[in-house]
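Can you keep this structure in mind? I'll have questions shortly.
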Amino acid sequence: MTTETKKIGILTSGGDCSGLNAAIRGVVFAAIAKGWEVIGIYNSTDGLFSRPMKYKKLTISEFDYPYASLGGTMLGTNNSGNPHIQEKADGTTENLTDEELDERFQSGIKELGISALVVVGGDGSMAIISKFCKRAGISMIGIPKTIDNDAPGTDIAIGFETAVNVVMDSLDKLTTTATSHNRVMIAEVMGRGAGHLALSAGIAGYADVILIPEIDYTYEGVVKKLQEIKAQGKKYGLIVISEGIKSPEGKHHFATNGKTFGGVSAIFAEKLQKDGYNVRATVLGHVQRAGNPVSDDRILASEFAVRAVDLIEKGETNRVVIHKDGEVKDEALNTILKIANTPVDPKGKLVYTARQLGIYVGE
Ligand code: F6P
């Protein structure tokens, strides 16, 4: 056991989700219990790249109710993927070269006296930040988060369970109005190329149809299911669509930013409407990344945080904490980076469960 580490940094990176504040809290509490100091870096690495730097010493009182019980991240985050553009003190921006970014990271770390950095983020952020940490001569420990739950190497990431609950709650709400109007409701769920959120929430929210990117479907299969439930006496229908599926015409649809998926549910609604269905589509959007973290996320975040601080104490670097086979473990970042993002297993137990329940999940 080393007693050298006295000051560590923490930042959140990539899209936010619920449970990030719980993770920050966990790291701060576990580190302070060891007599260390924790510096929270604002807006991912931007807090280190900008001048003046943006950071805050985090103390126990920072987490007085309700902050760690809220969604979002008290440190801010960034998923723009371009650290070169930094805001200056006067509000204007500057365009930094790779060398300048490196220099700022290293001088920032030195000035703050940080000997290890905890990165709560996606694997992409961890890969980039680990290189800066290596050149700055400090250790980096990653904590995975994503509502998409496709983070490589871990069975579960922070944010997923809360998002499942948010979507389930939305499906319950859509169902009440669907029953009032005898309608087919389509809910479009986030997930990028992975259908974990749609599949779990669709089962929990009692959907009739769940379409995910990992499993091909036919429009005829969807209509057949709607006819079947009608014949069974059900007056409404609930279709859950993962944003990353292709429309019946075989195309992906994108949000107004042109980068992230969005809008496929409207295409579906239009087609069903033409075929005589009373249908409405709802894009659940960013509410899925919000809400107070559920207990599963708070516990996971706390377990991950404690593991991360333990790893720093042991002098480890470039490790990612993971949850595998029911246990919290850790893995080398390099190994994690060689693993692809984890899609839904079409032969997995949740797809089997959905099928046995009569949910149409594709062919
Ligand atoms: O990866 C998380 C996620 O919420 C995806 O499910 C979604 O497609 C994307 O981020 C949205 O990103 P943004 O916040 O940039 O709109």
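This chain uses plain numbering: 1 for the first residue, then up along the sequence.
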Which residues end up grouped with Tyr206 if you chain together Ile, Leu, Val, Met, Phe, Trp and Tyr wherever their side-chain heavy atoms are less than 4.5 Å apart?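 None; Tyr206 is a cluster of one.
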Under the 4.5 Å side-chain heavy-atom rule for ILVMFWY, direct or indirect, which residues accompany Tyr67? Leu70
With sequence neighbours excluded, what pairs up with Ala178 under the side-chain contact (heavy atoms from CB on, under 4.5 Å) test? Met185, Tyr236
Is the NZ atom of Lys329 crowded by more than 12 outside heavy atoms at less than 6.0 Å?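 More than 12 heavy atoms, drawn from other residues, nucleotides or ligands, come within 6.0 Å of this atom.
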Whether the side chain of Asp46 engages the backbone of Tyr42 through a donor-acceptor N/O pair (distance < 3.5 Å, no angle test) should be reported. no
In Å, rounded to the nearest 0.5 Å, how long is the span from CD1 of Ile158 to CD1 of Ile147?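 Ile158 CD1 to Ile147 CD1: 14.0 Å, rounded to 0.5 Å.
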Expected output: side-chain Gln288 to main-chain Gly285 donor-acceptor under 3.5 Å: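 Checking the backbone N and O of Gly285 against the side chain of Gln288, a donor-acceptor pair under 3.5 Å is found.
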Quick one: do Ile156 and Val306 end up in the same hydrophobic cluster if we chain Ile, Leu, Val, Met, Phe, Trp and Tyr together by side-chain heavy atoms under 4.5 Å apart? no
Taking Thr146 for the side chain and Gly159 for the main chain, is one N or O donor matched with an acceptor at less than 3.5 Å?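 No; zero donor-acceptor contacts below 3.5 Å.
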Treating Thr45 as the side-chain partner and Leu48 as the backbone partner, does any N or O pair qualify as donor plus acceptor under 3.5 Å? no
So does Gly76 get a backbone contact from the side chain of Asp16, meaning a donor-acceptor N/O pair under 3.5 Å? no
Could you grab the distance from atom CG of Asn79 to atom OG1 of Thr12, nearest 0.5 Å is fine?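 It is 11.0 Å, given to the nearest 0.5 Å.
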Would you check, one step at a time, whether the test side chain to side chain donor-acceptor pair (under 3.5 Å) holds for Thr162 with Asp297? CA-CA 7 Å; Thr162 305; Asp297 268 326; 2.5 Å; yes
Per side chain to side chain contact (heavy atoms under 4.5 Å, CB included), Val28 is matched among Val38, Val309, Val118, Thr59 by Val38
Just so I know, are the side chains of Thr77 and Leu75 near enough to count as touching, which here means a heavy-atom distance under 4.5 Å? no
Can you check salt bridge (Lys or Arg N to Asp or Glu O under 4.0 Å) on Lys314 and Asp310, steps first, answer last? CA-CA 6 Å; Lys314 286 184 197 144; Asp310 283 350; 5.9 Å; no
Phe261 ring center within less than 6.0 Å of Phe254 ring center: yes
Do the side chains of Val351 and Asp345 get nearer than 4.5 Å, heavy atoms only? no
side-chain contact (heavy atoms from CB on, under 4.5 Å), that's the test. Do Val294 and Val164 meet it? Break it down for me. CA-CA 10 Å; Val294 297; Val164 170; over 6 Å; no
Which atom pair, heavy atoms only, marks the closest approach of Leu171 to Gly202?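 Smallest interatomic distance, heavy atoms only, reads CD1-CA, 4.1 Å.
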Check for a donor-acceptor pair, side chain of His84 on one end and backbone N or O of Leu96 on the other, with a separation under 3.5 Å. yes
For residues Ser295 and Glu161, determine if any side-chain heavy atom of one lies less than 4.5 Å from a side-chain heavy atom of the other.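 SC-SC contact between Ser295 and Glu161 ruled out.
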Which atom names give the shortest non-hydrogen contact between Ser13 and Ser44, and what distance separates them? OG-OG, 3.0 Å
Other ILVMFWY residues reachable from Ile245 by side-chain steps of under 4.5 Å: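 Joined to Ile245, directly or through intermediates: Val184, Ile186, Val209, Leu211, Tyr217, Tyr219, Val222, Val223, Leu226, Ile229, Ile239, Ile241, Val264, Phe268, Leu272, Tyr277, Val279, Tyr360.
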Using modelled atom types and a 3.5 Å cut-off, is there a donor and acceptor pairing between side-chain atoms of Ser265 and backbone atoms of Thr282? no
Working to the nearest 0.5 angstrom, can you tell me the gap between His253 NE2 and Lys246 NZ?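 Spacing of NE2 (His253) from NZ (Lys246) equals 11.0 Å.
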Check this for me: Lys134, atom NZ, are more than 12 non-hydrogen atoms of other residues, nucleotides or ligands nearer than 6.0 Å?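 At most 12 heavy atoms, drawn from other residues, nucleotides or ligands, come within 6.0 Å of this atom.
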Correct closest heavy-atom pair for Leu117 and Ile41 would be CD1-CG1, 4.4 Å
Output for pair (Leu11 CG, Ser125 OG), nearest 0.5 Å, gives 8.5 Å
Worked verdict on Phe132 versus Met140 for side-chain contact (heavy atoms from CB on, under 4.5 Å): CA-CA 10 Å; Phe132 280 106; Met140 192 217 80; over 6 Å; no
Closest non-hydrogen contact found for Thr218 with Gly221 is OG1-N, 2.9 Å
Among Lys225, Lys224, Lys234, the one residue meeting salt bridge (Lys or Arg N to Asp or Glu O under 4.0 Å) with Asp208: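 It is Lys234, the one option of Lys225, Lys224, Lys234 that forms the salt bridge (Lys or Arg N to Asp or Glu O under 4.0 Å) with Asp208.
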Indicate yes or no: at least one non-hydrogen side-chain atom of Leu350 is less than 4.5 angstrom from one of Val344. no
Can you confirm whether more than 12 heavy atoms, excluding those of Lys34, are under 6.0 Å from its NZ atom?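 Count over threshold, so yes.
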Beyond-backbone contact of Ile143 with Val27, side-chain heavy atoms, under 4.5 angstrom: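 Answer yes - side chains close enough.
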Treating Ile, Leu, Val, Met, Phe, Trp and Tyr as nodes and any side-chain heavy-atom pair under 4.5 angstrom as an edge, say whether Leu199 and Met168 lie in one connected cluster. no
Spell out, as yes or no, whether a donor-acceptor pair under 3.5 Å connects the side chain of Thr177 to the backbone of Lys173.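 No.
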According to salt bridge (charged side-chain N to carboxylate O under 4.0 Å, His left out), does anything in residues 139-157 pair up with another residue at least two apart or in another chain? List the pairs. Asp148-Arg192, Asp150-Arg192, Asp155-Lys324
Give me the atom names and distance for the closest heavy-atom approach of Asn257 to Lys259. OD1-N, 2.7 Å
Straight-line distance of Arg25 CZ to Arg298 CZ, nearest 0.5 Å: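 The CZ atom of Arg298 is 9.5 Å from CZ of Arg25, to the nearest 0.5 Å.
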Measure the acute angle between the ring planes of His196 and Phe160, then classify it against the limits of 30° and 60° as parallel, tilted or perpendicular. perpendicular
Criterion salt bridge (Lys or Arg N to Asp or Glu O under 4.0 Å) against Glu94, the qualifying member of Lys88, Arg51, Arg104: Arg104
Give the minimum heavy-atom separation between Pro293 and Ala68, together with the two atoms involved.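 Distance-wise, the nearest heavy atoms are CG-O, 4.2 Å.
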Lys7 side chain vs Leu112 backbone, donor-acceptor pair below 3.5 Å: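 A pair under 3.5 Å: yes.
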Should we count NZ of Lys54 as having more than 12 external heavy atoms under 6.0 Å?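 Yes, the 6.0 Å shell around NZ holds more than 12 heavy atoms from other groups.
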Decide whether Leu197 and Val283 are clustered together by the hydrophobic rule: side chain heavy atoms of Ile, Leu, Val, Met, Phe, Trp, Tyr closer than 4.5 Å, transitively. no
Atom OG in Ser130, atom CZ in Arg135: separation rounded to 0.5 Å? 9.0 Å
Sorted by chain and number, sequence neighbours left out, salt bridge (Lys or Arg N to Asp or Glu O under 4.0 Å) with Arg280 holds for none
Donor-acceptor check, side chain of Gln86 to backbone of Phe49, threshold 3.5 angstrom: yes or no? no
Going only through I, L, V, M, F, W and Y residues with side-chain contacts under 4.5 Å, is there a path from Val328 to Ile299? no
